[in-house]
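Numbering of residues begins at 1 and proceeds along the displayed sequence. Start at 1 and go down the list; that is how both ligands and their atoms are numbered.
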Amino acid sequence: MYFTYKSLEELEYDIAERNLAIAFEERLEAVRKPVQIGGVTLGNRLGIHPMEGCDAEPDGSPGELTFRRWRRFGGGGAKLIWGEATAVCPEGRANPRQLWIHKGTVRAFRQLVDETRRAHRETFGDDHDLLVGLQLTHSGRFSWQRPILAMHAPTLDARTLRGDGTGATVGPDWPTAGDEYLQRLEERFVEAAVLAAEAGFDFVDIKQCHGYLAAELLASRRRKGPYGGSFENRTRFIRNILEGIRSAAGNRLLLASRVSVYDGIPFVAHPVTAVGIPVPVPLPYVDGFGTDPDNPLHEDLDEPLRLVEILVRSGVRLVNVTLGCPYWNPHIGRPYERPSEGGYLSPEHPLVGVDRHFRLTAAVQRHFPELAVVGTGYSWLRQWCIHAAEGNIRRGRVTIAALGRGAIAYPDFARDALGNGKLRSDRVCLTVGFCTDLMRRKDHPLGQSPTGCVPRDPYYADIYRGKAPRKGTHGP
Ligand SMILES: Cc1cc2nc3c(=O)[nH]c(=O)nc-3n(C[C@H](O)[C@H](O)[C@H](O)COP(=O)(O)O)c2cc1C
C-alpha cells in the first residue's frame with residue numbers, strides 16, 4: 001500500500017523526500033477560469049478522459065450503460081468531456097462491445113450527445129461552454145478479431161497473440177497492414193469525423209496513443225514504404241487524416257489528438273516477487289515513440305515535440321498528453337496501488353509515475369504555450385488530485401487537467417471541487433485495477449464484460465462478483 005497519507009502535508013513531505021516536482025495549491029482558482037480553444041470558450045479547466053465502458057451494442061451504437069456513464073459525466077461539472085475510444089471500422093475494434101461510428105449508428109451517437117448535454121443543462125443551467133468530443137481509433141495489434149500490425153517489432157510481436165484461441169503469438173510472417181489498407185483507413189477516419197460532426201460532437205480526437213495503430217505507425221522505423229522509416233513517413237497517416245477532415249468538415253469540428261509522448265518498453269512480473277521488470281531489449285531500441293533508443297526506460301521528447309508542431313500546423317487545437325501502453329507497461333500510463341489480474345506490482349513508487357506524467361506534459365505545454373494541453377495521471381493522488389491540477393495550471397504546466405479512473409469513480413468530482421473547494425475522500429478512485437479486470441473479462445454472452453468502478457459503483461461491484469446487478473443501482 002503506497003497511499004497512506006493522512007494529510008496533504010504528509011503527501012508533500014513524501015514528494016519532497018523523493019525529489020519530485022508535484023506542487024499543490026489549496027485554494028481552487030485557476031481550475032475555475034474559462035479558456036478559449038479555437039474560438040470556443042470552455043467554462044472551466046477540468047476534464048474527463050476517454051474511459052471505455054465496453055458496453056456498446058454489437059452494431060457499435062452506444063448501449064444502455066454507455067448512456068448512463070455519459071449522462072453522469074454530463075451532469076458532473078467538468079467542461080471537457082473527451083468521449084471514449086470509438087472504432088472507425090469493424091476490424092479495428094478492440095473488443096466486440098467497443099463503440100463504432102458508421103452511418104447505421106450515427107443517430108444513436110446524436111442521442112448520446114443530446115443526453116450528455118441535457119444532463120449538463122439540468123444541473124448547470126447552460127451548456128454553451130461545454131465541449132464534448134469523440135476519440136476515433138483503430139486498435140491495430142490489439143484488434144480483437146485479429147491483430148493488424150503497423151510494423152514488426154520482435155519484442156512486441158513475441159507478446160501479441162494471434163487471437164485464434166491457440167495462445168500462439170504473431171511471428172515475422174504475420175502480415176502488416178499494407179499501404180493501400182492505410183490509405184483506405186485514412187478515408188474511414190475522415191468519414192467517421194464527418195459523422196461525428198453530424199452527431200453533434202464539438203471535436204474529434206485522432207487517437208495516437210497506448211500502442212494502437214496510429215501510435216504504432218509513429219514508431220514504425222523498420223517499416224518500408226511511404227508510412228515507415230523517416231519521421232516524415234511515420235507522420236504521413238496523421239497528416240493525411242487531419243488534412244482530409246479539414247477539407248471535409250471545415251470548421252464544423254475542432255481537431256484534437258491524444259498522444260503517447262513516451263511509449264517505453266514492455267514489463268513483466270518477476271517470477272518470484274511479482275514486481276514489474278523491464279524485458280530485455282536489444283539496444284538501440286528503435287520500436288518506441290518518444291523513447292530514448294540507448295536507454296528506453298527514459299523518454300526522448302525530440303520527435304513528440306516535432307509531432308505536436310505538425311499537429312498544431314494541421315489545425316489541432318487540443319492535445320491530450322498521455323504515456324505508455326496499458327498492455328505492455330500499465331504502471332507508466334496509470335500509476336496504481338494494485339495491479340490488474342495477471343499484471344505486475346508497480347516497479348516504482350506511483351508518485352514517480354505521476355511526476356513523469358506531469359513533467360512530460362509540462363514540457364509539451366512549455367514548447368506550445370498557446371496550445372490547449374490536457375494532462376493525465378491525476379487519479380492516483382485521490383482527493384488531492386484537484387489541488388495538483390490547480391498547482392499545474394497556475395504554474396503554466398498544463399491548460400486543462402482531466403481524470404480517467406477518477407471520473408468513473410466520482411463522475412461529479414468537478415461539481416464538488418468547484419462548489420466545495422475540495423473532493424470527498426470517500427468517493428475518489430482507489431487505483432485498485434478492478435475496472436481493468438472487468439475490461440479483460442471475455443466470459444460474457446456478448447464476448448466482453450462491461451466495465452466501471454467496482455469499489456464506488458454498486459452496479460459494477462455486482463458484476464465483478466458475478467451477481468445480477470442490484471435493483472436501483474442502474475439509475476442515473
Ligand atoms: C477502464 C479504462 C478504460 C479506458 N479507456 C480509454 C479510452 O477509451 N481511450 C483512452 O485514450 N484511454 C483510455 N483509458 C486510459 C485513461 O483515459 C487514462 O489515460 C488513465 O486511466 C490514466 O489516467 P488516470 O490516472 O486519471 O486514471 C482507459 C483506462 C481504463 C482504466
Inter- and intrachain pairs under salt bridge (charged side-chain N to carboxylate O under 4.0 Å, His left out), touching residues 382-393, at least two apart: Glu390-Arg394
Shortest non-hydrogen separation from Glu25 to Gly391 and the atoms involved: CG-CA, 3.7 Å
Once you round to the nearest 0.5 Å, how far does CD of Glu52 lie from CD of Gln98? 4.5 Å
Please name all residues satisfying salt bridge (charged side-chain N to carboxylate O under 4.0 Å, His left out) with Arg356, sequence neighbours left out, ordered by chain then number. Glu348
Arg141 versus Thr160, side-chain donor and acceptor atoms under 3.5 Å: yes
Amino acids contacting ligand 1, non-hydrogen cut-off under 4.0 Å: His49, Pro50, Met51, Glu52, Glu84, Ala85, Gln135, Lys207, Cys209, His210, Arg258, Gly333, Arg334, Thr376, Gly377, Tyr378, Ser379, Leu403, Gly404, Arg405, Cys435, Thr436, Met439
Those residues that, when tested against Glu91, pass side-chain hydrogen bond (donor to acceptor under 3.5 Å, both in side chains) (two or more places apart): Tyr181
